[in-house]
Amino acid sequence: MTRPEAIAGVSGVDLAGRTVLVTGATSGVGRETALALARMGARVFVHGRDREAGRAVATALDDLGADPVFFRADFANPESPVDLAAAVGEHTDRLDVLVNNAGAYVDEPRRSDGVELTFRVNHLAPFALTRALSESGAFAEGARVVTVASAVHPRADAGDLSREAVTSVGDYDGLQAYARSKLANVLFTRELARREPDLRANCCHPGLVPGSGLWRDASLPIRAGVGLLSVLPAPVLERVADSPRSAAATSVFLAAGEYAESGAYFSDCEPTTPSPAARDDELAGALWELSEDLAA
Ligand SMILES: NC(=O)c1ccc[n+]([C@@H]2O[C@H](COP(=O)([O-])OP(=O)(O)OC[C@H]3O[C@@H](n4cnc5c(N)ncnc54)[C@H](OP(=O)(O)O)[C@@H]3O)[C@@H](O)[C@H]2O)c1
């Protein structure tokens with residue numbers, strides 16, 4: 001199966017001497033992103049919730065000479081991103097790439113410290129982690145921040161990002177909550193690029209990945225739809241969906257490739273226009289302020 005770095009056209013890039021952190025690297029797209037960056041020579045730090053899965057990916061990275069460190073943190077806990085940044089800071093003050101990949105689909109209405117859980121895990125955690133790393137001086141000059149969003153983001157709009165909407169779980173809809181969190185990823189990237197011109201901040205849609213762990217907590221109809229995709233014959237499946245490996249290509253491209261953009265949304269390793277709401281600078285600014293208030 002073709003490697004993500006080959007799909008992204010960056011196999012020849014040498015990342016020796018570079019340090020990267022990939023969140024949510026214990027499975028799916030994040031695991032494949034971490035392995036690809038290790039094959040390219042980077043030192044790779046990985047994050048996840050599960051110690052066993054963390055040990056497994058760290059062993060695979062060690063075999064590639066990536067000198068890995070596994071950090072455990074559950075992003076449902078509001079303090080965990082800041083604790084993670086502090087732990088990473090004990091190992092490096094020169095982080096070249098942060099890949100905000102960890103993400104969850106939450107089917108049940110749940111809140112964490114007064115905030116809807118999907119928004120907490122998928123948006124507030126990368127927001128707080130990125131800011132804590134930046135404020136502590138852990139980023140190298142010109143560091144790249146890659147945030148894994150989704151093509152589902154156009155399902156959400158400004159109304160989904162009000163304080164009331166992100167703190168309540170009345171009339172909960174898992175897909176809408178997921179879409180809102182992914183719209184927040186795109187707006188966060190846009191505002192981060194504006195506020196921190198020394199960073200290169202971009203986000204991406206990885207592809208549709210029925211074989212990742214994302215869908216395990218989805219509703220029965222969604223799991224059934226994803227399950228149906230998985231039984232399609234390989235040549236058909238390849239046309240409509242991605243493997244975790246091929247889906248890592250755009251993250252790998254943004255981590256290692258040549259491009260000029262910051263604040264952009266990419267798909268298939270190309271800049272792509274996101275939804276109108278995702279291009280709303282006023283909304284991006286308002287979301288930043290709300291996120292500062294809700295993050296911890
Ligand atoms: N799959 C798709 O079709 C698709 C499409 C568009 C975008 N995406 C995005 O791609 C990214 C990777 O997803 P994936 O498809 O590779 O799914 P995955 O296999 O479920 O991987 C998600 C990763 O995030 C971690 N994670 C989940 N909840 C967490 C929490 N509360 N605290 C800390 N870590 C947590 C998971 O750890 P555990 O193993 O402990 O759960 C896992 O390492 C996500 O941001 C997702 O939204 C996926």
Side-chain angles (χ1 to χ4, degrees), residues 4 21-36 46-58 70-81 83-84 99-107 110-113 115-126 128-129 146-156 174-175 177-186 188-189 203-218 222-223 225-227 229-230 237 240-252 254 265-268 272 274:
L21 167 64
V22 182
T23 69
T26 47
S27 74
V29 180
R31 186 174 193 280
E32 294 299 335
T33 302
L35 292 171
V46 281
H47 149 269
R49 279 185 299 189
D50 187 272
R51 271 191 208 291
E52 269 311 301
R55 250 195 290 273
V57 70
F70 170 69
F71 299 93
R72 193 192 165 278
D74 184 347
F75 285 165
N77 171 358
E79 279 147 29
S80 66
D83 293 346
L84 173 59
V99 184
N100 283 316
N101 165 84
Y105 184 104
V106 181
D107 203 42
R110 286 178 60 197
R111 292 198 301 172
S112 150
D113 205 30
V115 174
E116 187 275 309
L117 184 61
T118 323
F119 189 76
R120 167 77 67 200
V121 171
N122 292 4
H123 166 62
L124 289 180
L129 173 62
V146 179
T147 300
V148 182
S150 168
V152 166
H153 77 266
R155 286 182 69 101
L175 184 54
Y178 180 74
R180 166 177 57 208
S181 72
K182 295 290 145 182
L183 170 60
N185 290 157
V186 186
F188 160 63
T189 298
C203 62
C204 65
H205 169 61
L208 174 63
V209 196
S212 82
L214 188 74
W215 310 106
R216 71 192 144 207
D217 294 327
I222 290 183
R223 272 188 286 135
V226 170
L229 277 179
S230 311
L237 183 62
V240 295
D242 286 278
S243 65
R245 196 170 240 221
S246 61
T250 306
S251 293
V252 171
L254 290 172
Y265 170 72
F266 281 68
S267 185
D268 288 330
T272 304

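Atoms within a ligand are numbered from 1 in the order they appear, just like the ligands themselves.
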Leu214 vs Val209 side-chain heavy atoms within contact, under 4.5 Å: no
Can you classify the ring geometry of Phe75 versus His47 as parallel (below 30°), tilted (30 to 60°) or perpendicular (above 60°)? parallel
Please work out which of the three classes, parallel, tilted or perpendicular, describes the rings of His153 and Tyr265, given edges at 30° and 60°. perpendicular
Would you call Ser181 a ligand 1 contact, heavy-atom distance under 4.0 Å? no
Considering the heavy atoms of Gly28, write down every atom of ligand 1 situated less than 4.0 Å from one of them. 16 (O), 19 (O)
Proximity of Tyr105 to ligand 1 by residue part, where a heavy atom lies under 4.0 Å: neither
I need the nearest protein heavy-atom contact for atom 14 (P) of ligand 1: residue, atom name and distance, please. Ser212 OG, 3.4 Å
Closest to atom 34 (N) of ligand 1 among protein heavy atoms sits His47 CE1, 3.5 Å
Note: ligand 1 atoms sitting under 4.0 Å from heavy atoms of Pro206 are 6 (C), 7 (C), 8 (N), 10 (O)
With side chains defined as the heavy atoms from C-beta onward, is the minimum distance between Asp242 and Ser246 less than 4.5 Å? yes
Those atoms of ligand 1 less than 4.0 Å from some heavy atom in Leu208: 3 (O)
Polar contacts were defined as any N/O atom of the residue lying under 3.5 Å from an N/O atom of the ligand; does this apply to Asn122 and ligand 1? no
So, 4.0 Å and heavy atoms of Trp215: is ligand 1 close enough to count as a contact? yes
Option of least heavy-atom distance to atom 3 (O) of ligand 1 (set: Val209, Asn185, Val121, Asn77): Val209
Counting from 1 in the order shown, the ligand 1 atoms closer than 4.0 Å to a non-hydrogen atom of Ala104 are 28 (N)
Examine the proximity of ligand 1 to Ser80 and report which part, side chain or backbone, both or neither, has a heavy atom under 4.0 Å away. neither
Report yes if some heavy atom in the side chain of Pro210 is under 4.5 Å from a heavy atom in the side chain of Val226; otherwise report no. yes
Heavy-atom distances under 4.0 Å are what count here, so tell me which part of Asn101 touches ligand 1: side chain, backbone, both or neither. both
Atoms in ligand 1 with a heavy atom of Arg216 nearer than 4.0 Å: 20 (O), 38 (P), 39 (O), 41 (O)
Heavy-atom pair with the smallest gap, counting every atom of Ala73 and Arg49: O-CG, 3.7 Å
What pair of heavy atoms forms the shortest contact from Thr23 to Ala102, and how long is it? OG1-N, 2.9 Å
Asp74, Val226, Val106: member with heavy atom nearest to atom 31 (N) of ligand 1: Asp74
Closest non-hydrogen protein atom to atom 7 (C) of ligand 1, residue and atom name please, with distance? Ala149 O, 3.1 Å
Against ligand 1, does Pro244 come closer than 4.0 Å with any heavy atom? no
Nearest non-hydrogen protein atom, atom 21 (O) of ligand 1: Ser27 OG, 3.3 Å
Less than 4.5 Å apart, side chain to side chain, heavy atoms only: is that true for Leu175 and Tyr105? yes
Measuring from His123:NE2 to Thr147:OG1, what's the distance to the nearest 0.5 Å? 10.0 Å
So, 4.0 Å and heavy atoms of Gly48: is ligand 1 close enough to count as a contact? no
Applying a strict 4.0 Å limit to heavy atoms, is Arg31 in contact with ligand 1? no
Would you say Val146 and Phe266 make side-chain contact, with heavy atoms under 4.5 Å? no
Side-chain contact, heavy-atom cut-off 4.5 Å: Ile222 with Tyr178? no
So which of Glu32, Arg49, Glu52, Arg72 gets nearest to atom 35 (C) of ligand 1, if we judge by its closest heavy atom? Arg49
Which residue and atom name correspond to the protein heavy atom nearest atom 46 (C) of ligand 1, and how close is it? Tyr178 OH, 3.4 Å
By number and element, which atoms of ligand 1 are closer than 4.0 Å to a non-hydrogen atom of Ala73? 32 (N), 33 (C)
Report yes if the side chains of Pro78 and Leu124 come closer than 4.5 Å at any heavy-atom pair, otherwise no. no
Closest non-hydrogen protein atom to atom 16 (O) of ligand 1, residue and atom name please, with distance? Val29 N, 2.8 Å
Taking every heavy atom of Ala184 against every heavy atom of Phe119, the minimum-distance pair comes out as CB-CE1, 4.0 Å
Looking at non-hydrogen atoms alone, which of Cys203, Ser150, Gly207, Gly24 comes nearest to atom 4 (C) of ligand 1? Gly207
For ligand 1, is any non-hydrogen atom under 4.0 Å from Val148's backbone (N, CA, C, O), its side chain (CB onward), both, or neither? both
Do you know which two heavy atoms are closest between Thr26 and Ala53, and how far apart they sit? CB-CB, 3.7 Å
Heavy-atom nearest neighbour in the protein, as seen from atom 48 (C) of ligand 1, with distance rounded to 0.1 Å: Leu214 CD2, 3.7 Å
Distance alone, cut at 3.5 Å: any donor-acceptor contact between the side chains of Thr118 and Asn122? no
min-distance protein heavy atom vs atom 37 (O) of ligand 1 -> Thr26 OG1, 3.5 Å
Please confirm whether His205 comes within less than 3.5 Å of ligand 1 when only nitrogen or oxygen atoms on both sides are compared. no
Locate the shortest heavy-atom distance separating Ala179 from Arg155; write the atom from each residue and the value. CB-CB, 3.7 Å
